[in-house]
Amino acid sequence: MNLKGKVAVVTGGNSGIGAAIVLELAKQGANIVIDYRSHPEATSDLEKKVAALGDQAIGIEADVSKIADLQMLVDAAVKQFGHLDIFVNNAGVETRTTILDTTEKQFDTVLEVNLKSAFFGTQIAAKQMIKQGKGGRIINITSVHEDWPMPGNIPYCLSKGGMRMLTRTAGIELAEHNVLVVGVGPGAVATPINLSTMKNPALMDKLDTAIPLGRMAKPEEIASVVAFLAGDGASYMTATTVFADGGIMHQSPGL
Ligand code: BGC
């Protein structure tokens, strides 16, 4: 077990990619604070699954767009488990709106939940890790759309582009403390954020055809990358993003 004795916080941790990350980190031996906003029953279910793996998880209801709530997550990790080693900025939302129809409210929500939370999550986690003096890992779940336009989803692209530069810049700023900051950029993953696509067979066909591997990822296929980046094998990786996208970003018919 790669992460025995480590303590992690996972934001947006009770569904989708977040829930898979919680389980994978627990399989590797970590104890976990699960941040969630809704569906407390999904959190309790996950706590039980983690306990069955021989680790401990506690669910904390927090709004990651609020700095005080992010601090509460880090404080909970320290209070419950004594220290913090891994902070995963995973919480994310999208509006599927264009430059012409995005409202101020939609813009603010996406930027606050996706980017502001990752910025201050990184800041607060890094301060705790620096205080402990043993370095740490901050993992930002971005998207292929940190770099690749998705017309019709522009606030999301902006937020993920911001997370890309957060990863790079904070990675450099925190390197002297051995706090490593890396991004994981998934492509299309079978999670609640993609429900509207998954319910539409024509869209699914189009999507599968566009992906060189021919299918969406399972959340576990992203979580395994996160677990690698949290472990000893990734000790020389910082200020960069690892894409797990089935090749979609480089898809080309080669005409
Ligand atoms: C978005 C999805 C999109 C996928 C591939 C993800 O980051 O959340 O809406 O289908 O990227 O384009």
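Whatever order the structure lists them in is the order used to number ligands and atoms, beginning at 1. Only heavy atoms go into these numbers, but all of them, side chains included; no hydrogens, no water, no symmetry mates.
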- Item | Proximity flag Asn194 to ligand 1, non-hydrogen atoms under 4.0 Å | yes
- With atoms numbered from 1 as shown, which atoms in ligand 1 lie under 4.0 angstrom from a non-hydrogen atom of Tyr156? 1 (C), 6 (C), 7 (O), 8 (O)
- Query: For atom 1 (C) of ligand 1, which of Met249, Glu94, Arg96 has the closest heavy atom?
  - Reply: Glu94
- Message: If you define the side chain from C-beta out and look only at heavy atoms, does anything of Arg96 sit under 4.5 Å from Met150?
- Response: yes
- Task: Examine ligand 1 and decide if any of its atoms is less than 4.0 Å from a heavy atom belonging to Lys160.
- Result: no
- Task: Using a strict 4.0 Å threshold on nitrogen-to-oxygen distance, state whether Arg168 and Glu146 make a salt bridge.
- Result: yes
- In the single-linkage hydrophobic clustering (I, L, V, M, F, W, Y; side-chain heavy atoms under 4.5 Å), do Phe243 and Val181 co-cluster? no
- Of all the non-hydrogen atoms in the protein, which one sits nearest to atom 5 (C) of ligand 1, and at what distance? His145 NE2, 3.5 Å
- Item | Nearest heavy-atom neighbours spanning Phe228 and Ala234 | O-CB, 3.5 Å
- Write down the atom of Ala62, the atom of Met72, and the distance for their closest heavy-atom approach. CB-CE, 3.8 Å
- Note on the structure: Within 4.0 Å of some non-hydrogen atom of Ser143, the atoms of ligand 1 are 6 (C), 7 (O), 11 (O)
